[in-house]
Amino acid sequence: MTEAQHFTPWLAREENLALLADTLGLDLEFEAQERAVGPFRADILCKNTADDSWVLIENQLERTDHSHLGQLITYAAGLHAVTIVWIAARFADEHRAACDWLNEITSENVRIFALEVELWRIGQSPIAPKFNVISQPNDWARQVATAQKAITDGEFSETRQTQWRYWKAVEDLIGKANGTIRPVSPQASSWVSHGIGKTGVHFNFAMSRPEKLVRIEVYLSGLHAKSDFAQLAARQTEIEAKLGKSLVWQPMPDKKDARIALPLLDIDPFDEADWERQHRWIVENAQLLHQVFRPLVMSLDRPGKTVEDPASPEAQ
């Protein structure tokens, strides 16, 4: 078995990438195999649909070597926002230490995962991968610590401090629910975004004190926004029947984007005495919407899709 001709195409299969995504805690959308990135070629190129950033996957069938480590450093140096995944049969101690060090010194926009892969077969079942994480960034702890320090130092306004605490409580509740939605690092802003499996489609939570609401939304952006919205809107009756709820469908004709939302009205998101009720409503309904919309989002038809060069300024 060779990497380029056998292992890489096998790893790029939908079911194997889904297992890798679960291991990493990311929503991955496959883009290309053997894609040029500067002077090198990435084995597998994906997008992290939570923020549409690039995910570059390098794999080895044998023990790690300096050549692949050099490629990882080149990728990290050349791309402004990227997740690098290095998969090998076995990691040398010095390469594991190098990945830990790179995660410590790089910015929050560059993340490096090191995984050892095992191939398992039970009886006559197809061979399946098992990924063991050897090194990973600690984004959650790092970003939460940064935000907490900013609050302590008075760098955030009172409004932003409240927003950050609001979303942190929501994300903590999502983590405890252990459902289909992965918690993300909270933001000191009026909204927070999650992935739902496809670039240009974001699963957001938003608050508006002037409008007296919080809402869950499927937010569509980019080149395919209007087409994506039209395909989903054509199934409005089916979607709302599955949810048992009516949604707000906003084609936003004066903008490039579109939105499908479920709002909780007549509330004050800054009323901390009401937070428990609001947060429970967000998490319960978000799980329901995510379950209904994800398979529909994954099946959206996007003819003529092209892959940007992640090494180009436009892709960064």
For this session: Determine, stepwise, if the pair Lys198 / Glu29 fulfils salt bridge (Lys or Arg N to Asp or Glu O under 4.0 Å).
Result: CA-CA 6 Å; Lys198 191 174 286 290; Glu29 181 182 15; 3.6 Å; yes
For this session: Using the side chain to side chain contact (heavy atoms under 4.5 Å, CB included) rule, take Asp268 and Asp274 through it: C-alpha gap first, then chi angles, then the decisive distance, then the call.
Result: CA-CA 8 Å; Asp268 179 4; Asp274 193 38; over 6 Å; no
Exercise. Would Ser190 and Gln163 count as a side chain to side chain contact (heavy atoms under 4.5 Å, CB included) if you check the C-alpha gap in whole Å, the side-chain angles of each, and the deciding distance to 0.1 Å?
Worked result: CA-CA 6 Å; Ser190 62; Gln163 290 170 335; 3.9 Å; yes
Problem set entry | Verdict with supporting geometry, Val55 and Leu45, side chain to side chain contact (heavy atoms under 4.5 Å, CB included) | CA-CA 6 Å; Val55 179; Leu45 185 64; over 6 Å; no
For this session: List the steps, then state whether side chain to side chain contact (heavy atoms under 4.5 Å, CB included) holds for Val218 with Val201.
Result: CA-CA 7 Å; Val218 177; Val201 184; 3.8 Å; yes
For this session: Please test Lys212 against Asp271 for salt bridge (Lys or Arg N to Asp or Glu O under 4.0 Å), starting from the C-alpha separation and ending with a verdict.
Result: CA-CA 11 Å; Lys212 298 182 179 179; Asp271 179 8; over 6 Å; no
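Ile239 and Leu232 get closest at one heavy-atom pair: CD1-O, 3.7 Å. The two residues Cys99 and Ala114 come nearest to each other via the heavy atoms SG-CB, 4.0 Å. The two residues Gly197 and Thr49 have their closest heavy-atom pair at N-OG1, 3.2 Å. Nearest heavy-atom pair, His279 versus Leu173, reported as atom, atom and distance to 0.1 Å: O-CD2, 3.7 Å.
In this structure, the separation between CG on Asn103 and CD1 on Ile112 is 5.5 Å, given to the nearest 0.5 Å. Rounded to the nearest 0.5 Å, atoms CZ (Arg215) and CG (Leu262) are 11.0 Å apart. Within the model, atoms CG of Asn59 and CG of Leu20 stand 10.5 Å from one another, a figure rounded to the nearest 0.5 Å. In this structure, the separation between CD on Glu211 and CG on Asp266 is 12.0 Å, given to the nearest 0.5 Å. One finds the CG atom of Asp228 at 11.5 Å from the CG atom of Leu296 (value rounded to the nearest 0.5 Å). The OG atom of Ser67 sits 8.0 Å away from the CD atom of Gln60 when rounded to the nearest 0.5 Å.
Using a 4.5 Å heavy-atom threshold, the side chains of Val214 and Phe205 count as separate. Between Thr8 and Ile44 the shortest side-chain heavy-atom distance falls below 4.5 Å. Put simply, the side chain of Leu24 does not reach to within 4.5 Å of the side chain of Arg111, judged on heavy atoms. Phe270 is listed as a side-chain neighbour of Thr159, based on a closest heavy-atom distance under 4.5 Å. Two residues are said to be in side-chain contact when any heavy atoms from C-beta on lie closer than 4.5 Å; Leu264 and Met207 fail this criterion. Residues Arg302 and Ser227 form no side-chain contact, since every pair of their non-hydrogen atoms from C-beta on lies 4.5 Å or further apart. Between Leu300 and His224, the closest side-chain pair of non-hydrogen atoms is not below 4.5 Å. Within the 4.5 Å cutoff, the side chain of Phe203 has no heavy atoms near those of the Arg294 side chain.
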Donor-acceptor list for residues 247-258 side chains, cut-off 3.5 Å, not counting sequence neighbours:
{"from": "Trp249", "atom 1": "NE1", "to": "Glu240", "atom 2": "OE2", "distance (Å)": "2.9"}
{"from": "Gln250", "atom 1": "OE1", "to": "Arg259", "atom 2": "NH1", "distance (Å)": "3.2"}
{"from": "Asp257", "atom 1": "OD2", "to": "Tyr219", "atom 2": "OH", "distance (Å)": "2.9"}

When the side chains of residues 87-97 are checked against the rest of the protein, which donor-acceptor pairs come out under 3.5 Å, sequence neighbours left out?
{"from": "His95", "atom 1": "ND1", "to": "Thr64", "atom 2": "OG1", "distance (Å)": "2.6"}
{"from": "His95", "atom 1": "NE2", "to": "His66", "atom 2": "ND1", "distance (Å)": "2.9"}

List the atom pairs, with distances to 0.1 Å, where a side-chain N or O of residues 280-293 and a protein N or O form a donor-acceptor pair under 3.5 Å, not counting sequence neighbours.
{"from": "Asn285", "atom 1": "OD1", "to": "Lys245", "atom 2": "NZ", "distance (Å)": "3.3"}
{"from": "Asn285", "atom 1": "ND2", "to": "Trp281", "atom 2": "O", "distance (Å)": "2.9"}
{"from": "Gln287", "atom 1": "OE1", "to": "Thr180", "atom 2": "N", "distance (Å)": "3.3"}
{"from": "His290", "atom 1": "ND1", "to": "Thr180", "atom 2": "OG1", "distance (Å)": "3.2"}

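Looking at Glu31, its side chain never comes within 3.5 Å of a backbone N or O of Lys47 through a donor-acceptor pair. Judged purely by atom type and a 3.5 angstrom limit, Asn16 has no side-chain atom pairing as donor or acceptor with the backbone of Ala12. Under a 3.5 Å cut-off, the side chain of Asp65 and the backbone N or O of His68 do form a donor-acceptor pair.
In this view, Glu272 and Arg165 satisfy the side-chain hydrogen bond (donor to acceptor under 3.5 Å, both in side chains) rule, not counting sequence neighbours. Applying the side chain to side chain contact (heavy atoms under 4.5 Å, CB included) test to Glu118 and every residue at least two apart in sequence or in another chain returns Trp120, Lys130, Asn132. Remark: Ser135 engages Asp100 in a side-chain hydrogen bond (donor to acceptor under 3.5 Å, both in side chains) (not counting sequence neighbours).
Clustering ILVMFWY residues whenever any of their side-chain heavy atoms sit less than 4.5 angstrom apart, transitively, puts Leu17 in the very cluster that holds Val133. In this structure, Val192 is not a member of the same hydrophobic cluster as Leu213, with clusters built from ILVMFWY side-chain heavy atoms closer than 4.5 Å. Connection of Met298 to Leu220 is not established within any shared hydrophobic cluster, with ILVMFWY side chains joined at heavy-atom distances below 4.5 Å, either directly or through further cluster members. Residue Trp191 is not grouped with residue Val184 when hydrophobic side chains (ILVMFWY) are merged at heavy-atom distances under 4.5 angstrom, including chains of intermediate members.
Heavy-atom contacts from other residues, nucleotides or ligands closer than 6.0 Å to CD of Glu15 number more than 12. When the shell of 6.0 Å around CD of Gln236 is examined, it contains more than 12 heavy atoms from other residues, nucleotides or ligands. With a 6.0 Å radius and a threshold of 12 heavy atoms from other residues, nucleotides or ligands, Trp101 has its CH2 atom at or below the threshold.
Classification of Asp172 and Lys168 as a salt-bridged pair holds, one side-chain N sitting under 4.0 Å from a carboxylate O.
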